[in-house]
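Have a look at the structure below, then the notes.
Small disclaimer: the values here were computed from a predicted structure and weren't measured. The figures here come from the full heavy-atom set of this structure, side chains too, leaving out hydrogens, waters and symmetry mates.
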Amino acid sequence: MFAGFAGRIYRKYEGSAFDLMSEAVAEALEMAGMEMKQLDGLVTTELPGIFDGKANLLMFTNQIRQYLGLKARYVDALDFGGASALASVHRAYKAIRAGEAESVLCLIGGKASDVRAKGVTVDSIDRAYPDVAVSPFDEFLRVNDDLNPVSDYALAAFRHSRLFGTTDGQRATIAAQQRFNAKGNAKALFKSDLTPEQVVASPMVAEPLHLLEIVYPVDGFHAFIVSKRQTRLRTLDILGYGEGHWHELPPEQEDIVSTPAVESSRRASFEAGRADAYELYDSFTITTLMQIEDIKLATKGKGGEFVEKHDLTYRGDVPLNTGGGSLNMGQPGFMSGGVLLEEALLQLNGMAEGHQVSGVNRVYLNGIGGWSRSHSVTLVLGEKN
Amino acid sequence: MKLEELWRAYHERLDANRLPYLECKACKHRFYYPRMLCPRCSSTSLEVKESDGRGKIFSLTRIQKKDGGRTTYGIVEFDGFRIYCNVLEDGKADVGGDVSVAFVELKGRKYPVARADA
Ligand SMILES: [Zn+2]
């Protein structure tokens with residue numbers, strides 16, 4: 001189902017977001033041995049600020065196609081942040097099966113550097129662009145000294161610690177083991193040795209989260225070509241798929257120590273333990289920890305014990321974020337879904353040089369978007385028997 | 001009630017150092033963030049009420065500020081509803097700890113914060 005894919009990531013890209021996007025698309029087309037005119041579909045996503053600092057692109061799928069010269073008969077736009085990438089593949093897959101397109105470009109990413117330069121993130125974009133709304137309740141939210149999105153994840157992590165006894169060291173072991181994986185990945189941004197002790201000793205950003213538990217937003221795009229065309233890539237299929245979309249603000253949720261992965265994984269109906277590798281969203285260590293519980297690798301509250309007991313490296317018994325994850329690759333355009341999907345495809349095609357898990361036939365992916373509480377997409381990729 | 005009326009009702013109470021919330025007349029659900037329909041049962045029959053101002057910390061985080069200072073932000077449960085707010089505390093506040101509502105003025109309007117009990 002994948003004809004080609006590519007990911008281009010820079011700390012700071014000297015050029016327009018449109019240029020960066022084109023680089024990724026060209027590389028994916030090259031891998032597929034295809035030309036732009038053979039594409040007839042586009043599924044993509046946008047967040048405020050990620051196209052060269054512009055608050056918004058009017059009819060952005062059209063602008064993207066104008067720039068690329070992509071003539072499409074199927075176009076879809078998603079709005080799930082970090083969960084968009086995995087959903088885009090499913091939308092493309094369905095469109096192709098329905099005969100609505102032959103070859104669909106799934107495009108995810110943007111430039112974080114222009115937003116970073118304004119001293120904000122996409123989740124606190126209202127502080128740089130007062131006319132952008134973050135919620136219908138901004139009148140009563142903007143008065144607080146929050147630090148979104150870090151503070152919401154910190155509230156989840158703090159409560160997780162108090163309810164279940166989860167320790168800083170347990171979360172830190174996730175970051176340290178992912179760093180081990182990153183050391184074998186030529187494309188990783190951060191590759192120096194890292195111990196759990198060093199993670200805990202890094203500056204506190206929002207208690208209990210330390211600097212080295214938090215993803216670094218970068219400039220980057222991922223392009224995935226979903227197509228019936230047979231290329232040199234392995235023939236894969238979707239073995240499980242589910243979405244979960246929650247609407248409540250954390251103060252109005254029953255509790256804040258779970259993510260919508262609880263629902264998306266249930267809908268995917270694929271027993272998590274049967275996968276050979278896991279790519280779980282890692283905007284923060286706590287994000288990954290909560291998903292380990294939510295997809296039922298561990299029961300709720302036991303995620304901390306789980307990451308201590310198991311070897312999460314690419315050589316281990318539970319290979320997780322096998323290329324180092326977004327914590328070490330950077331988070332392109334404030335959305336890490338492309339990082340997860342690229343790594344899964346490298347693993348499944350035996351192309352993960354330096355960090356290849358042996359005998360990978362099924363990869364379990366989970367993307368999270370809109371803080372820890374809004375969107376989750378579970379996608380299991382492998383060969384259909 | 002439309003959003004504008006709700007905001008007015010909220011601001012009148014906040015400016016008088018009282019913490020408003022909404023209660024659904026149909027299902028008795030309580031919530032803080034103003035909207036014209038109950039998020040639980042969709043009833044538009046809502047009543048603005050006032051909290052007794054006593055609450056408990058649901059979660060908190062101490063945020064390191066760029067100027068070297070620290071600020072505490074949290075989710076606090078008052079009588080049957082929760083809000084996000086700043087928490088005034090001495091570094092010892094914790095989940096389950098008792099707080100009382102207090103009010104701070106920002107741009108001529110008052111907003112709720114939680115003060116940890118000594
Ligand atoms: Zn109701």
Side-chain angles (χ1 to χ4, degrees), chain A residues 119-120 124 127 130 133-166 168 202-211 213-214 246-258 284 286 371-373, chain B residues 3-4 6-8 10-11 14 19-22 29-36 38-40 55 57-66 68-78 81-88 91 93-97 103-107 109-114:
Chain A
V120 297
S124 61
R127 294 187 182 213
V134 170
S135 94
F137 312 115
D138 286 351
E139 162 75 10
F140 297 95
L141 294 176
R142 283 182 177 167
V143 296
N144 297 319
D145 293 323
D146 58 34
L147 182 73
N148 271 322
V150 186
S151 44
D152 257 21
Y153 278 98
L155 291 172
F158 197 99
R159 189 164 164 84
H160 201 282
S161 303
R162 289 300 181 269
L163 290 183
F164 308 121
T166 308
D168 287 0
S202 69
M204 187 69 86
V205 177
E207 189 182 349
L209 298 178
H210 304 80
L211 186 64
E213 300 183 66
I214 300 175
W246 288 354
H247 58 278
E248 297 97 339
L249 275 184
E252 298 188 349
Q253 288 184 299
E254 208 169 294
D255 210 322
I256 58 171
V257 290
S258 299
F284 301 85
I286 186 66
W371 291 272
S372 58
R373 61 178 192 251
Chain B
L3 197 53
E4 209 180 303
L6 279 176
W7 280 25
R8 206 178 310 124
Y10 265 50
H11 280 304
L14 289 166
L19 178 62
Y21 65 91
L22 282 163
H29 180 57
R30 296 176 176 188
F31 56 101
Y32 177 71
Y33 296 100
R35 72 211 85 160
M36 64 185 291
C38 170
R40 181 168 293 171
I57 294 173
F58 187 73
S59 192
L60 64 80
T61 177
R62 297 185 179 90
I63 298 169
Q64 201 61 47
K65 294 207 285 191
K66 284 186 181 122
R70 219 169 56 168
T71 179
T72 306
Y73 169 69
I75 295 176
V76 173
E77 180 154 352
F78 288 98
F81 64 96
R82 289 185 214 129
I83 71 170
Y84 276 125
C85 63
N86 291 342
V87 180
L88 309 175
D94 210 333
V95 171
F103 298 87
V104 290
E105 203 169 312
L106 272 173
K107 294 174 192 159
R109 306 230 78 140
K110 282 189 178 169
Y111 293 96
V113 298

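With a 4.5 angstrom heavy-atom cutoff, A:Leu163 does not touch chain B via any of its atoms. Residue contact with chain B, scored on non-hydrogen atoms closer than 4.5 Å, is absent for A:Leu209. Using a 4.5 Å cut-off between heavy atoms, A:Val205 touches chain B through its backbone atoms (N, CA, C, O) alone. Of the two parts of B:His11, only the side chain, counted from C-beta on, holds a non-hydrogen atom closer than 4.5 Å to a non-hydrogen atom of chain A. A:Asp152 touches chain B through its side chain: at least one heavy atom from C-beta onward sits under 4.5 Å away, while N, CA, C and O do not. Residue contact with chain A, scored on non-hydrogen atoms closer than 4.5 Å, involves the side chain of B:Leu14 exclusively. Proximity to chain B is absent for every atom of A:Pro203, based on heavy atoms less than 4.5 angstrom apart.
Annotation: maximal heavy-atom pairing with chain A below 4.5 Å, among B:Arg70, B:Glu77, B:Arg62, occurs at B:Arg62. Between chain B and the residues A:Val143, A:Leu147, A:Leu141, the most heavy-atom pairs under 4.5 angstrom are made by A:Val143.
When side chains are defined from C-beta on, B:Tyr111 counts as touching A:Glu139, because their heavy atoms get closer than 4.5 Å. Contact of the A:Asp145 side chain with the B:Ile63 side chain is not registered, since no non-hydrogen atoms from C-beta on lie closer than 4.5 Å. The side-chain heavy atoms of B:Tyr84 and A:Asp146, taken from C-beta on, include no pair separated by under 4.5 Å. No side-chain heavy atom of B:Thr61 sits less than 4.5 Å from a side-chain heavy atom of A:Tyr153. Counting heavy atoms from C-beta on, the side chains of A:Pro251 and B:Ile75 come closer than 4.5 Å.
The existence of a salt bridge linking B:Arg35 and A:Glu252 is confirmed by a sub-4.0 Å separation between a basic side-chain nitrogen and an acidic carboxylate oxygen.
In this pair, B:Tyr32 and A:Phe140 present their aromatic rings perpendicular. The plane angle is above 60°, beyond the 30 to 60° band.
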Stepwise side-chain contact (heavy atoms from CB on, under 4.5 Å) check, B:Phe58 with A:Leu155: CA-CA 9 Å; B:Phe58 187 73; A:Leu155 291 172; over 6 Å; no

